[in-house]
Every structure is written in C-alpha cells, then in structure tokens.
There are 2 protein chains.
Amino acid sequence: MKAADLRKAGLKATIPRLRIMEVLEQASPRHMSAEDLYRALSEAEEDVGLATVYRVLTQFESAGLVVRHNFEGGQSVFEMACEQHHDHIVCVRCGKVDEFVDETIEKIQLDIAERQGYELTDHSLILYGLCPDCRG
Amino acid sequence: MKAADLRKAGLKATIPRLRIMEVLEQASPRHMSAEDLYRALSEAEEDVGLATVYRVLTQFESAGLVVRHNFEGGQSVFEMACEQHHDHIVCVRCGKVDEFVDETIEKIQLDIAERQGYELTDHSLILYGLCPDCRG
DNA sequence: ATGTATGCAAAACATTTGCACCTGG
DNA sequence: CCAGGTGCAAATGTTTTGCATACAT
C-alpha cells in the first residue's frame, strides 16, 4: 500500500497516513486499537498525534481500506480490509483473535434479513470463548 | 419480577432495583441504554441516580437477569433476559431492533469454535440493515 | 498558493469510583 | 443495628473537536 493507493481513495498521501497504513499492514496480530497504533508509532519515533490516528482510521474506514470492530472491552479495534469477508472468535482470557469464514452462516443471514423485511447492509458475528492455550 | 426474585439472585430488594426491573420488564422497545432507563425513571418521578442505574444493570447482568448488547453507537443497551436465546437485526436508519432465532447458525457456531480449538462461552450476532419502513 | 491535514489541548461522552449518608432485613 | 446500597460529584477512559500551524499538490 503506497501513496498512489491513498490518492485513489481520495486522500492526500501525507506522512501520518502512510505511516498508519504501514503499521496496520504489518500488524501482528492484525487487530489494533487506536491507542495500540499510537503507541506503535511513538515507539518507532514517528511523531503522530492520537487525534490524527483516530481521524485517519475513520477516514480509512469510510474509504473501505480498514474495517472497525467493536469487540467487548470498550475500545474499537481496526484491521486492514481484505478481499475475503470473515468473522472473529475472541479469547475472553488472553484477547487472542482468530478469524473464520462460513458460507452457510453468510447465506442464512441473508435469508433472515429478507424474511424480516430488511435490506442487509452489514453484520457482525463474534464468538467468545477460551482459546486452546487458555483452556484448563 | 418482584422482591423475592431479587433476593433469590442474592440482591437486596431495594427501591431503585425494583424500579429499574419494572421499567425494563415493561419496556417497549425491549432494548434500553442506561441513559434511557435513567430518563424513564426521572420522568416517572423516581429519584434514582445515573450511577446507580449503571451499578444495578451490571449486577443484574452478572445475576443473569438482564443481557447487555454492544450495538454500534457507543453505548451499551440492555434487555430482560428471556428463556430463549436470540440474536438481533438493527435498522441503521431508525434504530429499530428486531429479534430472531436460528438453530442452524447456533449449531455451526459450536462447530466453528470446536474446529478452532476454543471452548465457546458466548457469542454476538448482529445484522445491520434498513428495516421495512426505512427502505427505499 | 491554497485547501487540507496535523498536533495540541480542551471538550464531549459513556461509564466507574470515592465517600458520606441512608435503608432493608 | 449494620452490612450493603445509594446519590452526588469527581475521576476515568475513549473518542471528537477547535484552532493555529504545517504540508501536499
């Protein structure tokens, strides 16, 4: 992801935006909060304000470059948008996040929306549990 | 729901708790934020502090009397716990919330958790869309 | 050049907590 | 009576906003 990609999304290719994109692209785990991102940038001596991190993430979300999730715990987390839509399973003990795809669930969701008369625009499926490492 | 039910849950049957339970039981729509509840109580001349509303809702949640949801929009919403687990479909325009149950999805979720090695403790499935009244 | 983006500090929210006073059992 | 509950106000944590300055094109 580089300057041209930002311009294509209608955003000026500024240093803060490029840095934020870089960090998020190389993030492992893929999911970071605004604060995580801010800390990562600070540690890398990149002088980006927290307000800018929030503003840029919101713009990236609108542009479809990143996806925001509201897992339990109060703050939003972000990940790079990727080709394949997927859902999440979160460890309630250690916070680990795994991803999965299930076509059957996707299809049933559409059926349910239709049955209720809704035009589906989005959905959020989050499973919570104990990950292999945290199970007794 | 009355005093005895609260005591059974290990909670003293105080006026604020009884009032909050009453409002939530008779709520329509079923889903209310802490602020909604506080306003409803104030309008009914019931003098309950906002901090108490939050404290009581948290206690009720721990006791399994109410369920908390984190829909989009920053604040948590609560509903009376009911026999049947269900998921939600929320109108992104007017905020209307409908409920649905789908056994197939429930079952697949268990499969997925198992496949990923997780011990499932909870899950959240929320569909977002335009409700019949808000479409086109 | 000039319209936007940024950094900082302050504001805005949702929620939690400390503490002196009240209340249910 | 007294452990626990409550109201209020202050603290917290997250996200947003106002504004003067800096930057991309």
Side-chain angles (χ1 to χ4, degrees), chain A residues 1-23 31-42 44-63 65-78 95, chain B residues 1-23 31-42 44-63 65-78 95:
Chain A
M1 179 76 57
K2 44 191 196 306
D5 298 295
L6 288 178
R7 291 200 202 89
K8 200 180 334 169
L11 298 167
K12 271 191 193 172
T14 63
I15 305 284
R17 285 181 183 150
L18 289 166
R19 293 293 169 271
I20 290 170
M21 186 105 287
E22 281 164 17
V23 172
H31 303 79
M32 301 183 79
S33 67
E35 194 74 38
D36 290 339
L37 223 13
Y38 174 68
R39 231 174 312 109
L41 288 164
S42 298
E45 308 288 319
E46 301 290 352
D47 212 333
V48 177
L50 181 55
T52 299
V53 173
Y54 276 104
R55 274 186 293 234
V56 168
L57 285 172
T58 303
Q59 293 158 349
F60 283 1
E61 185 192 13
S62 301
L65 298 173
V66 312
V67 179
R68 176 196 304 253
H69 301 288
N70 300 294
F71 298 156
E72 292 187 350
Q75 78 241 43
S76 297
V77 297
F78 301 82
Chain B
M1 180 75 57
K2 45 191 192 307
D5 298 296
L6 288 178
R7 291 200 203 89
K8 200 179 331 169
L11 298 166
K12 271 193 194 172
T14 64
I15 305 285
R17 285 180 182 152
L18 288 166
R19 295 290 170 274
I20 290 171
M21 185 103 289
E22 281 165 17
V23 171
H31 304 78
M32 300 183 79
S33 66
E35 193 74 40
D36 291 338
L37 223 13
Y38 174 68
R39 232 175 310 110
L41 289 163
S42 300
E45 310 288 320
E46 302 289 352
D47 212 334
V48 177
L50 181 55
T52 299
V53 173
Y54 276 105
R55 274 186 292 234
V56 168
L57 285 171
T58 302
Q59 293 158 349
F60 283 3
E61 185 192 13
S62 301
L65 297 173
V66 312
V67 180
R68 177 196 302 255
H69 300 288
N70 301 295
F71 298 157
E72 291 187 349
Q75 78 241 38
S76 297
V77 298
F78 301 82

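Residue numbering restarts at 1 for every chain, and letters A, B, ... go by the order of the sequence lines.
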Exercise. Nearest-nucleotide wise, let me know which of B:A13 and B:A34 is further upstream toward the 5' end of DNA chain C.
Key: B:A34

Quiz item: Looking at A:R7, does any N or O in its side chain come under 4.0 Å of the phosphate oxygens OP1/OP2 on D:dA24?
Solution: no

Quiz item: OP1 or OP2 of D:dT15 sitting under 4.0 Å from any side-chain N/O of A:Y54?
Solution: yes

Quiz item: Nucleotide range of DNA chain C contacted by chain B, 5' to 3', under 4.0 Å to a heavy atom?
Solution: C:dA14 to C:dG25

Find the distance between [atom1] ([X]) and [atom2] ([Y]) and round it off to the nearest 0.5 Å.
{"X": "A:K2", "Y": "A:R7", "atom1": "NZ", "atom2": "CZ", "result": "10.5 Å"}
{"X": "B:L11", "Y": "B:L65", "atom1": "CG", "atom2": "CG", "result": "7.0 Å"}
{"X": "B:F78", "Y": "B:D36", "atom1": "CZ", "atom2": "CG", "result": "10.5 Å"}
{"X": "A:E35", "Y": "A:L37", "atom1": "CD", "atom2": "CG", "result": "10.0 Å"}
{"X": "B:L41", "Y": "B:D47", "atom1": "CG", "atom2": "CG", "result": "9.5 Å"}
{"X": "A:Y54", "Y": "A:S33", "atom1": "OH", "atom2": "OG", "result": "7.0 Å"}

Practice problem: Mind calculating the distance between CD (A:E61) and P (D:dT15) to the nearest angstrom? | Solution: 12 Å

Quiz prompt | Gap between atoms CG and P, on A:L57 and D:dT14 respectively (whole Å) | solution = 15 Å

Practice problem: Report yes if some heavy atom in the side chain of A:M21 is under 4.5 Å from a heavy atom in the side chain of A:R17; otherwise report no. | Solution: no

Quiz item: Base, sugar-phosphate, or nothing for B:S76, non-hydrogen atoms under 4.0 angstrom?
Solution: sugar-phosphate

Quiz prompt | Base versus backbone protein contacts along nucleotides 3-10 of chain D [heavy-atom cut-off under 4.0 Å; B, S, -] | solution = BSSSBBB-

Quiz item: Taking it one step at a time, do A:R19 and A:I15 satisfy side-chain contact (heavy atoms from CB on, under 4.5 Å)?
Solution: CA-CA 6 Å; A:R19 293 293 169 271; A:I15 305 284; 4.0 Å; yes

